[in-house]
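Written below as structure tokens is the structure these notes are about.
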Amino acid sequence: MLSQIERRIQEAVAARLREHYGIEDLPVTLEQPREVSFGELAVPAAFQLARRLRRPPREIAAELAAGLGPIEGVARLEVAGNGYINVRLDRGHYGWALLQGGEWEKEPRPGKVIVEHTNINPNKAAHIGHLRNAVLGDTFARMLRAAGRQVEVQNYIDNTGVQVADVVVGFLHLEGKSAREVERLAAAERFDYLCWDLYARVSAYYKEHPEALAWRQAALHAIEEGEGEAAEMAHVIADAIMLAHLATMRRIGITYDVLPRESEILHLRFWATAFELLKERGAIHFETSGKNAGCWVMPAAAFSEDSGEGDGKVIVRSDGTVTYVGKDIAYQLWKFGLLGKDFYYRPLVREPDGHIVWVTADEPGEEPAPEFGRASEVYNVIDSRQSYLQDVVVAGLRALGFEEQAARSIHFSYEMVALSPRTAVELGIELTEEDSRRPYVEVSGRKGQGVKADDLIDKLVETARREVDARHPEAPAAERARVAEQIAAGALRYFMLKFTRNAVIAFDLQEALSFEGETGPYVQYAAVRARNILRKYAERGERLPEFASVLNREAMARQLAFEDFWQLLLAASKADTAVRRAVATGEPAQVAKYAFQLAQAFNTFYHDCPVIHEQDAERRTFLLWMTDYFRRQLEATLAVLGIGVPEYM
RNA sequence: GGGCGCGUAGCUCAGCUGGACAGAGCAUCUGCCUUCUAAGCAGAGGGUCGCAGGUUCGAGUCCUGCCGCGCCUACCA
């Protein structure tokens, strides 16, 4: 809605510039005035012209504004400050247009976007760092969809890597378990927690007994070959934990379209194909001397600006096994449809909403699968510590001559989640004097430190449940449980989204468990309040009026003359703009901030202005409509954030 | 050493392509529940935007140089 008016203003100003000054190369930008009392939009063009024309901006602004004819949707223009042209919208026109339609503007583009996120090693329970990844990825995918793009969400399962091998070593050598015994354990509750501890024990064992690293090598080899006890055990572990991760993420509304597995990358010879390509086109070479002797290496010059120091990146180890990066290059090629091969697929689980999650398979399945891959754009949601490896992957594409795809391979990076010193101490992690003074402490998953995702969600649900029980003791228990879960999920998702991507989160348990101020529940509460108004109105036996027939443009203009009403409506109408802007900058936090500010505006309105008890009929109708419009806009925004609105709070 | 990122209120963080007097939440203090639920609202105090230059009509935002901090720089991912 707003962007249509913006376009008209830009066109009108551009035309005026052309006709009056003969200027065609000045892009007309629009800003939001600092103060709402200045109007809804501001044109700073006079400042840019001042230099060229060598005249004071204020004078130019006056001249410019005077020559602009009437613009649809604009009530008037004012010259302000030392050269701004402030725009006042025609409020009646605006409100009326929103009442008529007010659909979200989209920017559809051809081609499919792949968003890859979560990507947790299937060897232990998920932790809060993984939650940040998944929430960012899931929200970004929702943002893209809301903006009209076609999106496919992938979650890569590294089921043949070192981390899984380490847990295999643990079961095999520290626990003396067979694949069959592990299978029984895997069927029990909290297998991911059990592996979390075992993984930490294995890591500690390596430290004490470095010779045990040979076990890892052997396991890794066996897994890559796909045969023997270790390989079988690896599959059991990885599959069970993959399902545990899906269950964890399901709790906060996250799901996937397809899970490409590393084992298929190997067994279907994706890697072998990519390897041949890389060799053929000279992207990697065999090292015969130096510390990388016997390895296939990508030269540092390929991915680093000044290639002075680096020795390049090992793609194939001297024992013949391929590194993660190598497999990732094959995978990235497949995503763009450049490998000339495809996986087989089988349905893995059906989500409660009917959505099917597919997983790759190494032989044809019975059910026909949708087409996966063949994207025109790929976002890899991976933390910033791995930017070096992402650079290598992209360099691989470039070295193979896929310039365009390399440019469309986007590392959607974000900073790590560390712990606040206070929370670290609460978890029993010993801190040095120095650490306790720092704003945050990085913890080691290898040592079994950190906050498990499910533990955090459990705590959030408990906290929410206490509040819900206190407020609604009469409600059925099952319903209270569901409400508490929605609040917990909202709190968690908002917490992970309120920080911009490259802020290190110092995770503080108390802060995360807070439901006041800038939090998910605050925003959910505003939506619940709006719903309550409409529900209470209906309970009084009154039917919601046919707004479009009762409220005409003049009534809109009359009501929107009140500043508070106008500001709330204006804010609510900007939801689609906020999402599109956030897509453009790749910053989900902007959507979260918008939702919070909109909720704030509504809460003020809610406090100041009773809707149902309004005496004046026209105003009451208007307020009901505005409440409903606000509700729809906030709920749609929350949906983009993956946050649901509880029945009550 | 090199690469990436960060440094804004006591704390945690926003600040869109440079724009009109620097924002939010938390914490502290003061008020407001007989009204559509106070997970709320209103208000107060609190900042030489790390430092120094530069570009510009205009710099928290761009450039350069320092200072401090973090991450990466594996035949782990």
Side-chain angles (χ1 to χ4, degrees), chain A residues 27 29 31-35 38 42 44 47-48 50-51 56-57 80-84 86 119 121 158 161-163 166 216 291-297 300 304-306 308-311 313-319 321 323-325 328 382-389 391 413 415-416 418 420 438-440 442 446 464 467-468 471-472 487 491 498-500 502-506 508 510-511 514-519 521-522 524-526 528-537 578 581-582 584-585 587 589-590 593 596-597 600 603-604 606-613 627 648-649:
Chain A
T29 57
E31 298 173 5
Q32 197 170 320
R34 169 129 213 91
E35 296 265 334
F38 293 165
F47 295 110
Q48 294 155 298
R51 197 156 160 222
N82 50 349
Y84 277 101
N86 288 337
N119 300 4
N121 273 305
D158 181 4
V162 172
Q163 297 216 22
D166 282 345
R216 172 196 273 177
K291 67 168 191 171
N292 290 336
C295 301
W296 284 90
V297 176
S304 163
E305 288 289 310
D306 39 7
E309 307 291 307
D311 301 318
K313 174 67 196 169
V314 170
I315 305 296
V316 179
R317 305 182 185 101
S318 56
D319 67 358
T321 57
T323 59
Y324 167 82
V325 191
D328 214 18
I382 304 179
D383 79 80
S384 64
R385 285 174 292 193
Q386 298 192 48
S387 60
Y388 166 70
L389 296 173
D391 288 347
S413 75
E415 273 291 347
M416 63 176 172
S420 72
R438 290 209 174 109
Y440 56 84
E442 193 182 356
R446 289 198 164 268
E467 290 289 325
V468 175
R471 288 156 200 249
H472 304 278
I487 293 169
K498 70 195 277 194
F499 305 93
T500 49
N502 47 17
V504 177
I505 296 183
D508 187 82
Q510 265 166 268
E511 201 190 320
S514 163
F515 294 162
E516 287 168 18
E518 197 194 339
T519 64
Y522 175 96
Q524 289 173 313
Y525 191 52
V528 167
R529 283 177 142 182
R531 277 190 184 176
N532 279 349
I533 293 174
L534 300 165
R535 187 169 44 78
K536 278 273 158 64
Y537 187 78
R581 202 185 68 195
T585 57
E587 196 56 88
Q590 290 181 355
K593 275 280 183 307
F596 173 65
Q597 283 162 2
Q600 253 183 336
N603 273 334
T604 306
Y606 179 91
H607 183 264
D608 294 343
C609 185
V611 174
I612 293 174
H613 303 287
T627 300
Y648 49 81
M649 282 180 76

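Since the model is a prediction, treat every value here as computed from it, not as a measurement. All chains are named by letter (A, B, ...) in the order of the sequence lines, taking the proteins before the strands, and each is independently numbered beginning at 1.
For A/N292, a side-chain nitrogen or oxygen approaches OP1 or OP2 of B/rC75 to under 4.0 Å. Taking only side-chain nitrogens and oxygens, A/Q600 comes nearer than 4.0 Å to OP1 or OP2 of B/rG25.
Between the CD1 atom of A/I382 and the P atom of B/rC4 there is a distance of 19 Å, given to the nearest Å. Counting to the nearest Å, the C1' atom of B/rA27 and the CD atom of A/E511 are 11 Å from each other. Distance A/Q597 CD to B/rC13 P: 18 Å, rounded to the nearest Å. Rounded to a whole Å, the CG atom of A/D391 is 11 Å from the C1' atom of B/rU73. Note: NZ (A/K498) to C1' (B/rG23) measures 15 Å, nearest angstrom. One can place CG of A/D319 at 12 Å from P of B/rC75, the figure rounded to the nearest angstrom. What separates CG of A/L389 from C1' of B/rC72 is a distance of 9 Å, to the nearest Å. One interatomic measurement links the two molecules: CZ of A/F499 to P of B/rG25, which rounds to 15 Å at whole-angstrom precision.
The 5' end of RNA chain B is approached more closely, in terms of each residue's nearest nucleotide, by A/R581 than by the other of A/D158 and A/R581. Toward the 5′ end of RNA chain B lies the nearest nucleotide of A/Y388, the other residue of the pair A/V316 and A/Y388 mapping further downstream.
In the set B/rA74, B/rA24, B/rC6, the nucleotide with an atom closest to the side chain of A/F596 is B/rA24.
Residues passing the side-chain contact (heavy atoms from CB on, under 4.5 Å) test with A/E587 are A/T500, A/R501, A/T585, A/A589, A/Q590, sequence neighbours excluded. For A/D158, the salt bridge (Lys or Arg N to Asp or Glu O under 4.0 Å) criterion is met by no residue, not counting sequence neighbours. For the salt bridge (Lys or Arg N to Asp or Glu O under 4.0 Å) test, no residue two or more places apart in sequence or in another chain qualifies with A/D328. Annotation: side-chain contact (heavy atoms from CB on, under 4.5 Å) contacts of A/P57 (sequence neighbours excluded): A/A46, A/F47, A/A50. Shown here are the salt bridge (Lys or Arg N to Asp or Glu O under 4.0 Å) partners of A/R438, two or more places apart in sequence or in another chain: A/E434, A/D435. In this structure A/D319 satisfies the side-chain hydrogen bond (donor to acceptor under 3.5 Å, both in side chains) test together with A/Q217, A/T321, sequence neighbours excluded. Not counting sequence neighbours, the partners of A/F515 by the side-chain contact (heavy atoms from CB on, under 4.5 Å) test are A/L460, A/T463, A/A464, A/I487, A/A491, A/P521. Residues that satisfy the salt bridge (Lys or Arg N to Asp or Glu O under 4.0 Å) test with A/D391, not counting sequence neighbours, are absent from this structure. Judged as a side-chain contact (heavy atoms from CB on, under 4.5 Å), and not counting sequence neighbours, the contacts of A/Y522 are A/T519, A/F596, A/A599, A/Q600, A/N603.
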Heteroatom pairs (N/O) under 3.5 angstrom, protein to nucleotides 67-71 of chain B:
{"from": "B/rG70", "atom 1": "OP1", "to": "A/R438", "atom 2": "NE", "distance (Å)": "3.4"}
{"from": "B/rG70", "atom 1": "OP1", "to": "A/R438", "atom 2": "NH2", "distance (Å)": "2.8"}
{"from": "B/rG70", "atom 1": "O2'", "to": "A/Y440", "atom 2": "OH", "distance (Å)": "3.2"}
{"from": "B/rC71", "atom 1": "OP1", "to": "A/E442", "atom 2": "OE1", "distance (Å)": "3.3"}

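Comparing B/rA24 with B/rC67, their C1' atoms sit 29 Å apart, to the nearest whole Å.
Residue A/S318 places a side-chain atom within donor-acceptor reach of the base of B/rC75, judged by atom type and a 3.5 Å distance cut-off alone.
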Dot-bracket line, read 5' to 3' along RNA chain B, where crossing pairs take [ ] and | marks a partner on another strand, Watson-Crick or G-U under 3.5 Å: (((((((..((((.....[...)))).(((((.......))))).....(((((..]....))))))))))))....
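As judged by a 4.0 angstrom heavy-atom cut-off over every strand, A/A491 is placed among residues making no nucleic acid contact. In this structure, A/I315 reaches neither bases nor backbone, as no heavy-atom distance under 4.0 Å exists between it and the strands shown.
Taking the O4'-C1'-N9-C4 or O4'-C1'-N1-C2 dihedral as appropriate, B/rC33 has a value within 90° of 0 and is therefore syn.
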Per-nucleotide protein contact string for nucleotides 31-39 of chain B, where B marks a base within reach and S marks sugar-phosphate only (heavy atoms under 4.0 Å, - for neither): ----SBBSB
